[in-house]
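Okay, so here's the structure we're looking at.
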Amino acid sequence: GSGKTSIMDLIEKAFKDSKSLNEYGLEFEFEDEHEKFFKASYLEGWQYFSLNYTNHIIYIKAGIDSSDDIILATNKYIQDKIDNEDYRLSEANESLKKIIDEALNSLDVSFYFNGIKNGKLYFENNESALFDFDALSTGERTLITKLVMLHLQSNNLDGKIIMIDEPETSLHPSWQTRILKLYKNVTETCNCQIIIATHSPHIISSTPSECLRLLKDEDGKIVCYSSDYSYGQDFSNILLGVMGVESTRDPYIQSKIRELAYLLHEYGPNDSRFIELSNDLTSKLGEFDSDLNLIRLQAGIENKDGNNK
């Protein structure tokens with residue numbers, strides 16, 4: 001792969017150390033002329049600015065889903081409200097509840113935040129049953145943690161760049177198709193920019209083509225490509241045409257389909273090996289497999305041509 005997590009780690013380090021990425025041995029090339037401004041201004045140009053990391057960038061790494069992560073964030077929020085804004089504890093807790101419920105509402109889940117008890121976050125469902133954060137699924141914990149962390153900082157996101165690595169981790173595909181809209185709402189509300197690194201074809205298909213960049217490692221250099229026709233594409237088209245996957249099938253099945261096509265081309269539709277393999281694949285893939293149907297269609301054409309001779 002292109003090492004997207006390593007790239008984000010280096011970008012974070014460059015901001016912290018006020019250095020350019022080139023000083024860390026990472027070179028970038030851009031396919032399009034209009035991308036050169038981005039390169040000159042934000043990659044090579046970092047070495048010319050004295051940057052305060054906390055004032056420019058927020059990096060949310062993959063795998064943030066533990067109760068410790070969200071408890072630390074919520075406790076810090078409450079303490080800041082009390083220390084810096086003269087909130088009473090009850091007011092700080094009510095403010096926290098409002099923020100977490102806003103994040104939950106954006107997810108369209110059937111539960112809401114109840115409060116913090118004994119160092120744990122508790123939620124309540126529509127039947128008034130209480131459960132703690134750890135009772136949620138891994139996907140729910142991951143997404144809620146990341147969204148809540150952003151909502152907790154909503155007053156401090158103006159003009160910032162937020163990098164999020166693998167937001168699809170542990171999420172059901174139906175949530176992956178919705179997640180981009182949730183983060184887009186954050187950018188519009190808070191006037192910030194979010195950069196997402198992902199391998200999810202669902203997220204890629206949901207991304208407007210003009211906002212998508214593909215990173216490829218070519219001879220030790222990270223080359224950035226644009227993609228003109230990715231938005232709204234079928235997931236198999238994203239995997240094959242955008243992400244460069246050779247096949248969406250199991251490698252063994254794919255090799256057998258290629259073998260079937262070869263047998264048809266070389267020996268014709270009446271060859272015993274072709275018939276046997278065709279029957280075997282049909283028993284595994286069913287009557288409606290698209291590749292098998294194309295091969296059957298070609299076999300029918302060749303049979304018809306043979307009978308007409």
Side-chain angles (χ1 to χ4, degrees), residues 58-158 160 162-192 194 196 198 200 202-203 206:
I58 295 172
Y59 181 21
I60 301 178
K61 298 185 178 184
I64 297 178
D65 64 3
S66 73
S67 56
D68 291 341
D69 294 318
I70 197 167
I71 282 292
L72 285 173
T74 52
N75 284 342
K76 182 179 184 302
Y77 176 84
I78 290 174
Q79 199 62 49
D80 286 346
K81 287 293 183 183
I82 294 172
D83 293 343
N84 301 323
E85 300 183 37
D86 296 326
Y87 273 46
R88 294 192 296 270
L89 178 60
S90 60
E91 293 174 328
N93 281 328
E94 187 60 32
S95 177
L96 175 66
K97 176 173 170 48
K98 181 180 178 181
I99 285 176
I100 293 180
D101 281 342
E102 285 178 355
L104 295 178
N105 287 338
S106 70
L107 297 176
D108 195 28
V109 294
S110 58
F111 55 87
Y112 54 91
F113 181 57
N114 179 272
I116 300 177
K117 300 178 180 67
N118 300 320
K120 290 186 176 183
L121 267 68
Y122 277 84
F123 301 88
E124 186 173 346
N125 63 22
N126 293 333
E127 285 74 42
S128 300
L130 288 179
F131 54 93
D132 67 23
F133 181 77
D134 289 332
L136 298 170
S137 70
T138 303
E140 288 173 327
R141 292 199 306 269
T142 299
L143 186 52
I144 288 172
T145 299
K146 291 179 178 180
L147 280 175
V148 166
M149 284 181 165
L150 288 178
H151 277 73
L152 290 175
Q153 301 181 69
S154 59
N155 293 330
N156 193 35
L157 296 181
D158 185 36
K160 288 192 176 180
I162 302 164
M163 300 189 304
I164 304 175
D165 190 19
E166 296 183 356
E168 70 272 16
T169 301
S170 300
L171 290 183
H172 189 276
S174 63
W175 275 32
Q176 291 182 34
T177 58
R178 296 165 49 199
I179 193 173
L180 204 68
K181 183 177 180 181
L182 302 179
Y183 287 124
K184 185 173 183 289
N185 290 339
V186 174
T187 66
E188 293 173 346
T189 303
C190 302
N191 187 37
C192 59
I194 293 181
I196 290 174
T198 182
S200 167
H202 302 81
I203 293 178
S206 301

side-chain hydrogen bond (donor to acceptor under 3.5 Å, both in side chains) against Asn84, all qualifying residues, sequence neighbours excluded: none
Pair listing, salt bridge (charged side-chain N to carboxylate O under 4.0 Å, His left out) test, anchored in residues 95-104, at least two apart: Lys97-Asp101
Partner residues of Leu72 under the side-chain contact (heavy atoms from CB on, under 4.5 Å) criterion, sequence neighbours left out: none
Non-neighbouring partners of Tyr87 that pass ring pair (Phe, Tyr, Trp, His ring centres under 6.0 Å), sequence neighbours left out: none
Set of residues satisfying ring pair (Phe, Tyr, Trp, His ring centres under 6.0 Å) with respect to Tyr183, sequence neighbours excluded: none
Inter- and intrachain pairs under salt bridge (charged side-chain N to carboxylate O under 4.0 Å, His left out), touching residues 111-126, at least two apart: Lys120-Asp132
Pairs touching residues 178-190 that satisfy salt bridge (charged side-chain N to carboxylate O under 4.0 Å, His left out), sequence neighbours left out: Lys184-Glu188
All side-chain contact (heavy atoms from CB on, under 4.5 Å) counterparts of Glu168, not counting sequence neighbours: Glu166, Gln176, Thr198, His199, Ser200, Ile203
By side-chain contact (heavy atoms from CB on, under 4.5 Å) - contacts of Ser206 (at least two apart): Thr177, Leu180
Glu127: salt bridge (Lys or Arg N to Asp or Glu O under 4.0 Å) partners, not counting sequence neighbours: none
Partners meeting ring pair (Phe, Tyr, Trp, His ring centres under 6.0 Å) with Phe131 (sequence neighbours left out): Phe111
With sequence neighbours excluded, residues passing side-chain hydrogen bond (donor to acceptor under 3.5 Å, both in side chains) with Glu94: none
